[in-house]
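Everything below concerns the one structure shown next.
Just so you know, these numbers use all the heavy atoms, side chains as well, and skip hydrogens, waters and symmetry mates. All residue numbers in this chain count up from 1 along the given sequence. Whatever order the structure lists them in is the order used to number ligands and atoms, beginning at 1. Fair warning: this is a prediction, and the values are worked out from it, not measured in the lab.
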Amino acid sequence: MSGDRHRMVIVTGASRGIGAAIARLTGACGYRVAVNYNSSPDAAAEVVRDIERSGGKAVAIKADVSREEEVLRLFDEATAALGPVTALVNNAGITGGSGRFVDMPADRAEEVLRLNVLGVALCAREAIRRMSTAGNGPDGPGRGGAIVNISSIAAVLGAPDEYVLYAASKAAVETLTVGLGKEVAREGIRVNAVAPGLIDTEIHAASGDPGRVDRIVPTVPMARIGTAEEVAEAVLFLLSDAASYITATVLRVTGGR
Ligand code: NAP
């Protein structure tokens with residue numbers, strides 16, 4: 001594939017936090033960006049404005065990516081507005097709230113697995129259908145591309161007493177990354193994951209544990225929280241041709257944790 005100016009990326013959950021940082025950075029680097037959101041239209045519009053101010057092109061698209069019909073519409077609308085998809089960042093994710101595993105309601109467990117695992121799988125499937133050079137997409141052969149899935153260091157730490165099912169959902173994301181990366185390696189598509197550690201976003205407060213960051217920072221070897229922009233840099237690298245021989249792998253962005 002040629003330079004970044006010909007690339008289009010769909011970033012799920014790009015209205016806030018890590019997804020917003022990924023959208024802004026890829027947009028500033030010449031990708032046309034589909035800024036997916038679910039419940040924060042104003043925040044998504046602000047991300048689009050930021051990308052446009054940096055000279056880029058972006059559209060905000062509302063879709064709950066845990067629902068198949070909305071994933072299909074997201075890809076159709078993104079393609080209609082910005083041209084063929086060449087990259088996907090599967091970023092949207094929820095913890096389901098902090099607490100002991102034994103107390104977890106089944107409906108919340110279903111929400112976590114639906115978004116963090118099924119949503120990632122459905123978006124990856126749609127991206128592969130469109131990008132594969134093997135030609136099984138709606139418009140014939142694709143031009144290849146790259147997928148980056150956002151995992152979490154919780155996949156290996158397990159997140160005991162916080163969100164064990166969330167950790168397990170991220171382990172599933174990593175296995176999906178390895179398997180898919182190998183499965184589509186000969187179809188011009190690379191699939192990798194970034195596993196962030198403790199990153200400064202609203203996810204911690206939203207999990208109902210506002211003291212979490214202060215409690216965990218001392219356990220981080222670099223002794224600080226990471227920024228969403230630091231995660232975005234790793235994603236940009238894995239999407240780019242600089243990572244042309246890297247697939248089916250997980251890159252940790254954890255300050256050593
Ligand atoms: P965040 O600040 O809570 O933002 C979550 C984003 O996901 C929002 O843009 C939200 O959009 C979107 N979203 C939620 N449900 C969605 C749905 N059903 N469909 C589409 N979008 C949806 O979270 P974050 O901290 O940036 O986390 C981003 C990713 O990084 C997640 O996968 C998370 O597990 C992972 N991660 C985060 C950390 C950390 O310390 N922050 C560490 C490791 C991994 P709306 O507001 O529009 O609904």
Legend entry - Nearest-option assignment for atom 13 (N) of ligand 1, heavy atoms, candidates A92, S39, G197: A92

Inset, instruction - Specify side chain, backbone, both or neither for N38, according to which of its non-hydrogen atoms lie closer than 4.0 Å to ligand 1. - result: both

Inset, instruction - Identify the protein heavy atom lying closest to atom 19 (N) of ligand 1, giving its residue, its atom name and the separation to 0.1 Å. - result: V65 N, 3.1 Å

Inset, instruction - Would you kindly specify which portion of N36 sits under 4.0 Å from ligand 1, judged on non-hydrogen atoms: side chain, backbone, both or neither? - result: side chain

Inset, instruction - Taking only Lys NZ, Arg NE, NH1 and NH2, and the carboxylate oxygens of Asp or Glu, determine whether E68 and R125 approach each other closer than 4.0 Å. - result: yes

Inset, instruction - State if K170 counts as touching ligand 1 under the rule of any non-hydrogen atom under 4.0 Å. - result: yes

Legend entry - Element-labelled atoms of ligand 1 that are located less than 4.0 Å from some non-hydrogen atom of Y37: 47 (O)

Inset, instruction - Hey, could you give me the CD/CG distance between E110 and L165, rounded to the nearest 0.5 Å? - result: 11.0 Å

Inset, instruction - Starting from atom 27 (O) of ligand 1, find the nearest protein heavy-atom neighbour and note its residue, name and distance. - result: I203 CD1, 3.9 Å

Inset, instruction - With atom 37 (C) of ligand 1 as the reference point, say which of I199, D42, I18, V213 has the nearest heavy atom. - result: I18

Legend entry - Minimum non-hydrogen distance to atom 32 (O) of ligand 1, winning option of I216, N91, V11: N91

Inset, instruction - Mark up the atoms of ligand 1 that fall under 4.0 Å of a heavy atom belonging to E202, in ascending order. - result: 2 (O)

Legend entry - More than 12 heavy atoms of other groups within 6.0 Å of K57 NZ: no

Inset, instruction - Distance to 0.1 Å, residue and atom name: give those for the protein heavy atom nearest to atom 36 (N) of ligand 1. - result: Y166 OH, 3.6 Å

Inset, instruction - Report the distance from atom CG of N90 to atom CD1 of I147, rounding to the nearest 0.5 Å. - result: 7.0 Å

Inset, instruction - May I ask you to identify the nearest protein heavy atom to atom 44 (C) of ligand 1, giving residue, atom name and distance to one decimal place in Å? - result: S151 O, 3.1 Å

Inset, instruction - Would you mind running through ligand 1 and noting each atom that sits below 4.0 Å from a heavy atom of G93? - result: 31 (C), 32 (O)

Legend entry - From CA spacing to verdict: side-chain hydrogen bond (donor to acceptor under 3.5 Å, both in side chains), S151, E174: CA-CA 7 Å; S151 176; E174 295 195 2; 2.6 Å; yes

Legend entry - Side chain to side chain, D200 and T227, heavy atoms closer than 4.5 Å: no

Legend entry - Location of contacts on A154 toward ligand 1, heavy atoms closer than 4.0 Å: neither

Legend entry - Lys/Arg-Asp/Glu bridge criterion (N-O < 4.0 Å) met for R53, D50: yes

Inset, instruction - Using a 4.5 Å cut-off on heavy atoms from C-beta on, say whether the side chain of R215 contacts that of R212. - result: yes

Inset, instruction - Report yes if the side chains of V59 and V33 come closer than 4.5 Å at any heavy-atom pair, otherwise no. - result: no

Legend entry - Per-atom contacts of ligand 1 with H204, taking only distances under 4.0 Å to non-hydrogen atoms: 39 (C), 40 (O), 41 (N)

Legend entry - Donor-acceptor side-chain pairing of S207 and D209 below 3.5 angstrom: no

Inset, instruction - Among all protein heavy atoms, pick out the one at the shortest distance from atom 11 (O) of ligand 1; state its residue, atom name and that distance to 0.1 Å. - result: S15 OG, 3.1 Å

Inset, instruction - Tell me which part of L115 gets within contact of ligand 1: side chain, backbone, both or neither, using heavy atoms under 4.0 Å. - result: side chain

Legend entry - Atoms in ligand 1 flagged as close to G17, the criterion being non-hydrogen separation under 4.0 Å: 2 (O), 26 (O)

Inset, instruction - Pick whichever of I61, T254, L198, I150 has a heavy atom sitting closest to atom 30 (O) of ligand 1. - result: I150

Inset, instruction - Starting from atom 1 (P) of ligand 1, find the nearest protein heavy-atom neighbour and note its residue, name and distance. - result: R16 NH1, 3.8 Å

Inset, instruction - Closest by any non-hydrogen atom to atom 24 (P) of ligand 1: pick that one out of N149, T201, V253. - result: T201

Inset, instruction - State, with a plain yes or no, whether a side-chain heavy atom of T26 is found less than 4.5 Å away from one of L236. - result: yes

Inset, instruction - Number the atoms of ligand 1 from 1 as they appear, then name those within less than 4.0 Å of a heavy atom of D64, with their elements. - result: 17 (C), 18 (N), 19 (N)

Legend entry - Proximity of A63 to ligand 1 by residue part, where a heavy atom lies under 4.0 Å: backbone

Inset, instruction - Please check if any side-chain donor atom of E162 sits under 3.5 Å from a side-chain acceptor atom of S98, or the reverse. - result: no

Inset, instruction - Tell me which protein heavy atom sits closest to atom 46 (O) of ligand 1, plus the residue, atom name and distance to 0.1 Å. - result: S40 OG, 2.5 Å

Inset, instruction - For E202 and R16, run salt bridge (charged side-chain N to carboxylate O under 4.0 Å, His left out): C-alpha distance rounded to whole Å, both residues' side-chain angles, the deciding distance at 0.1 Å, then the answer. - result: CA-CA 8 Å; E202 294 166 17; R16 299 183 285 110; 2.9 Å; yes

Inset, instruction - Measure the distance from atom 6 (C) of ligand 1 to every protein heavy atom, then report the residue, atom name and distance (to 0.1 Å) of the closest one. - result: G13 O, 3.6 Å

Legend entry - More than 12 heavy atoms of other groups within 6.0 Å of R252 CZ: no

Inset, instruction - Give, for atom NZ of K170 and atom OG1 of T175, the distance between the pair rounded to the nearest 0.5 Å. - result: 13.0 Å

